[in-house]
Each structure stands twice: as C-alpha cells, then as structure tokens.
Amino acid sequence: MATEAHDAAAGAAGHSAGMPQLDISTWANQIFWVLVALVVIYFVLRLVALPRIGAVLAERSSTITNDLAAAEELKQKAVAAEKAYNEALAKARTDAARIVAEAKAAIQADLDKATAAADAEISAKAAQSEARIGEIRAGALDSVTEVAKETAKELVAALGGKADAAGVTDAVSARLKG
Amino acid sequence: MRDVAETGFAIHPMDQFIVKRFFCDAAHADCTSNIQWFEITNVTVWIGLTVLAIIALMVFGSRGRAIIPSRIQSVGEMIYGFIYKMVEDVTGHDGVKYFPFVMTLFLFILFANLLGLIPMSFTTTSHVAVTITLALLVFLGVTLLGLAKQGIGFLGMFWVSSAPLALRPVLAIIEVISYFVRPVSHSIRLAGNLMAGHAVMKVFAGFASMAVISPVAVGAVTAIYGLELLVAVVQAYVFTILTCVYLKDAVGGAHH
C-alpha cells in the first residue's frame with residue numbers, strides 16, 4: 001500500500017519507479033545509437049587513427065635503431081682515431097729517441113775529435129817545452145861549468161898559486177863529470 | 001510523500017539514469033515515454049560526445065605524426081601500445097588482426113565511463129542496454145569466428161579432455177552454461193559497477209543538503225569520486241581483457 005502510494009507519487013513527480021535501466025521501452029533507442037557509435041569509432045580507428053599511430057611508432061622505433069647504429073659507428077670511429085693517435089704518439093716517441101741518440105753520437109764524435117786535437121796540441125806543446133827546458137838546463141850546466149872554472153881559477157889565484165888555466169879547467173871538468 | 005520530496009530532503013539516486021528526449025522541455029511535454037529508436041535522447045548526445053572525444057584523442061591528437069610526440073599524441077600512443085600488447089599477449093599472434101575491434105570497445109567504454117563522471121552528465125555505460133550490446137557483439141563475434149575458423153572443432157572447447165571420462169559430460173554441461181552466461185556477466189559487471197558507483201555518489205550528494213552532516217557527505221563524495229575514477233578505468237580494462245580472453249578461444253583453439 002505504502003509502496004504503491006510512493007510509486008504513484010514518484011510517478012506523478014516525474015520519477016519512474018525502480019531502475020531506468022530495466023525500462024525496456026528505451027532499449028531500442030540506446031542499442032541503435034551504440035551500434036552507430038561503434039561503427040563510427042571502428043572505421044575512424046581502422047582507417048585513420050590506428051594506421052597513423054602505428055606508422056608513427058614504427059618510424060620512431062626505426063629512427064631510434066638508426067640512431068643507435070650511427071652512435072655505434074661513431075664510437076668505432078672514435079676508437080680507431082684513438083688507436084691512430086696512440087700509434088702516432090709512439091712513433092713520435094721512437095723518432096725523438098732516435099734523433100736524440102743520433103745527436104748524442106754526433107756530439108760525441110765532435111767531442112772526441114776536438115779532444116784528440118787538443119791532446120795532440122798539448123803533447124806538441126809539452127814536447128816543445130821539454131826541449132826548451134832541456135836547452136835551458138844544458139845552458140845552465142854550461143854556465144855552472146864556466147862559473148866553476150872561473151871560481152876555481154880565482155880561488156887558486158887568491159890562494160897564491162899560479163893558476164894554470166888549462167889545468168884548472170880540465171880539473172873542474174873532470175870533477176863536474178864525476 | 002510528495003510534500004516531503006518538495007520541501008527539501010529528497011534523494012533520487014536513480015533519476016540520473018532516466019533516458020529522455022534531448023530537445024524537449026520537461027515542463028511542457030512528456031520527454032520520457034514512447035521514445036522511438038531513431039530519436040535524439042540524452043543517451044545519443046553522450047554517446048556522440050564519447051565518439052568526439054575519441055576522435056579528438058586518436059585522430060586530432062596524432063595529426064602531427066611527430067617523432068617526438070606532443071602530450072596528447074603521447075597519450076594516444078600509450079593507449080595504442082597498451083591495448084596492442086594486451087591483444088598480442090592474450091590472444092597470441094593470430095589475434096592481432098582483431099586489434100581495431102578491441103581498441104574500439106576499450107576506447108568507447110573508457111571514454112563513456114570517464115565522461116559519465118562529469119557532474120550533471122549521463123553515464124551511457126551504466127545502462128544494461130548499452131553494455132549488453134557490447135557484450136553480445138563480443139559473444140556473437142567470438143562464437144561465429146570460432147565456428148568459422150575451427151568448424152565443429154570449436155565445440156571441443158566444451159569437452160574437457162584432461163578430465164576423467166566419467167566427469168566429462170557433467171563438465172561439458174557446466175562449460176556450456178558458463179559459455180552462455182558470459183555475455184550476461186560481461187555486461188552486468190560493467191553496468192552494475194558504474195550504476196552502483198554513480199547512485200552512491202548521488203546519495204551522498206543528497207546528504208550534503210543537510211547542514212549537520214554535509215562536511216562528511218562532501219568528503220565522502222570526493223573520496224568516492226576518486227574511487228569511481230579508478231573504477232571507470234579498471235572496468236574498461238576488465239571488459240577489454242575479457243574480450244581478449246574470449247577471442248583467444250575462437251582464434252587459438254580451446255586449451256583448458
């Protein structure tokens with residue numbers, strides 16, 4: 001009774017009792033429009049949206065793949081460049097070492113030559129000096145003999161003896177030799 | 001009764017589901033009875049908005065065809081990738097050619113659910129008439145496809161060959177019943193979830209007119225709105241993945 005009254009009141013107020021979902025009279029309308037919508041969505045997706053998005057995704061993935069390949073190639077190039085650089089560096093090092101050695105050898109040769117020349121000069125000078133010293137020494141000996149002879153004659157004379165010049169000289173000479 | 005309804009506190013949680021003529025003034029005419037199949041109703045309008053929203057996202061969103069996508073194109077691509085992967089994973093490689101069909105269902109349900117969450121809007125997927133159409137489309141499609149592809153062998157799906165021989169006839173009956181219950185559960189699940197959620201929201205919103213409990217009611221509506229947002233997406237996902245599972249029976253042979 002109460003329910004009926006409520007239903008009647010609700011109906012009068014424009015509210016249908018129960019669930020609008022179960023009102024079969026509206027189903028044909030809903031089903032028709034849903035089918036229309038599904039057909040529209042299906043063809044829009046099938047013909048426009050999905051091929052386009054699929055193509056974009058495929059293009060993107062191929063771009064990424066290409067970029068990765070390019071990056072890999074560049075990396076290989078960088079490795080090769082580094083290797084070449086290291087090789088050049090090593091070659092430059094050995095060249096430098098060789099040039100240093102050559103220069104050292106050349107300098108050593110020059111040095112040896114100069115040393116030899118200097119040595120020869122020194123020995124020549126030394127021989128010259130020796131000769132001169134010998135000369136001087138010989139000169140000095142002669143002078144000593146002379147002085148000794150003179151001194152001896154003077155001594156003999158001073159002692160009152162008659163100086164036999166030749167005899168004194170011979171005696172002094174003999175003495176100096178002995 | 002009517003006085004009570006008009007003096008203030010009245011909650012009509014089911015009114016939001018009433019189908020009525022769209023170009024119709026309720027004050028002067030009867031907008032709800034004798035609706036013909038071709039008439040423009042609120043269902044028509046909201047289905048139309050759903051279609052427009054899908055076109056906006058999937059067609060206009062992707063019109064740049066950019067390698068580096070804009071935000072909206074990115075969303076379209078994510079949905080594409082998500083559903084494509086789902087179809088491929090569940091139905092296998094042979095099922096991929098039904099991807100546009102599955103995508104149509106997913107987008108329609110997702111957008112209808114989400115548009116239904118706009119205040120004062122109409123939730124088309126809360127109507128059993130709508131969801132049963134979708135479910136029957138899947139059911140009939142799967143059945144006809146299975147019979148076309150596998151012939152009478154499709155019926156082998158009901159004959160559980162891994163069970164003991166004595167049990168097989170019993171299982172076959174159960175399998176047949178469960179097969180025919182599929183469209184019912186498939187559609188009622190979606191419509192029921194949405195209808196219940198929207199009705200609950202409406203009830204709480206009605207309580208908000210009572211000053212004493214309105215803070216609680218407003219908080220509850222907010223919380224339930226968040227939950228309904230989740231339900232809207234999850235139910236679209238569930239409907240779609242079940243479609244894929246059913247499609248697998250037709251495409252990949254019956255392996256239970």
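Keep in mind it's a predicted model, so treat the numbers as computed, not measured. The chains referred to below are lettered A, B, ... by the order of the sequence lines, with proteins before strands, and numbering in each begins at 1.
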Taking the six-membered ring for Trp, are B:Tyr246 and B:His186 parallel (under 30°), tilted (30 to 60°) or perpendicular (over 60°)? perpendicular

With sequence neighbours excluded, tell me which residues meet side-chain contact (heavy atoms from CB on, under 4.5 Å) with A:Arg132. A:Glu135, A:Ile136

Between the CG atom in A:Asp23 and the CD atom in A:Gln21, the distance rounded to the nearest 0.5 Å is 10.0 Å

Check whether B:Ile67 gets within reach of chain A through its side chain, its backbone, both or neither, counting any heavy atom under 4.5 Å. both

Write out all pairs satisfying ring pair (Phe, Tyr, Trp, His ring centres under 6.0 Å) with one or both partners inside residues 85-124 of chain B, taking only residues at least two apart or from two chains. B:Tyr80-B:Phe99, B:Tyr84-B:Phe99, B:Phe122-B:His127

Please look at B:Ser126 and chain A and tell me whether the side chain, the backbone, both or neither of the residue comes under 4.5 angstrom of a heavy atom of that chain. both

Partners passing ring pair (Phe, Tyr, Trp, His ring centres under 6.0 Å) against A:Tyr42 (at least two apart in sequence or in another chain): none

One option among B:Leu107, B:Thr104, B:Val19, B:Ile54 has the most heavy-atom pairs under 4.5 Å with chain A, and it is B:Thr104

Could you look at A:Ile31 and say if it's the side chain, the backbone, both or neither that has a heavy atom under 4.5 Å from chain B? both

Engaged part of B:Gln73 at the chain A interface, taking heavy atoms whose separation is under 4.5 Å: side chain

Does the side chain of B:Thr123 pick up a donor-acceptor pair with the side chain of B:His198 at under 3.5 Å? yes

Do A:Ile53 and B:Ile79 come close enough that some side-chain heavy atom pair is under 4.5 Å? no

Quick check on B:Ala66 against chain A: is it the side chain, the backbone, both or neither that has a heavy atom closer than 4.5 Å? backbone

Tell me, side chain or backbone of B:Gln36 under 4.5 Å from chain A's heavy atoms, or both, or neither? backbone

Value for CG (B:Leu194) from CD1 (B:Ile109), rounded to nearest 0.5 Å, stands at 9.5 Å

Taking the side chain as everything from C-beta on, heavy atoms only, tell me whether B:Leu242 gets closer than 4.5 Å to B:Arg189. yes

Got B:Thr44 and A:Phe32 here, is their nearest side-chain heavy-atom distance under 4.5 Å? no

By a 4.5 Å heavy-atom criterion (distance strictly below it), what part of B:Val43 contacts chain A: side chain, backbone, both, or neither? side chain

Top residue by heavy-atom pair count (under 4.5 Å) with chain B, among A:Leu45, A:Leu50, A:Val56? A:Leu50

Measuring heavy-atom distances to chain A, does B:Thr133 have an atom under 4.5 Å in its side chain, in its backbone, in both, or in neither? side chain

Based on non-hydrogen pairs under 4.5 Å, which of A:Val44, A:Leu57, A:Val36 is most in contact with chain B? A:Leu57

Which atom of B:Leu115 lies closest to which atom of B:Ser121, heavy atoms considered: O-OG, 2.9 Å

Side chains of B:Trp37 and A:Trp33: closer than 4.5 Å at any heavy-atom pair? no

Among residues 63-72 of chain A, which residues come closer than 4.5 Å to chain B, judged by heavy atom distances? A:Thr63

A:Leu38 portion near chain B, given a 4.5 angstrom heavy-atom threshold: both

If you count heavy-atom pairs under 4.5 Å with chain A, which of B:Ala26, B:Gly61, B:Pro69, B:Gly48 comes out on top? B:Pro69

Looking at A:Arg98 and A:Glu102, does any basic side-chain N land under 4.0 Å from a carboxylate oxygen? yes

Scored by heavy-atom pairs under 4.5 Å with chain A, the best of B:Met58, B:Glu77, B:Met103 is B:Glu77

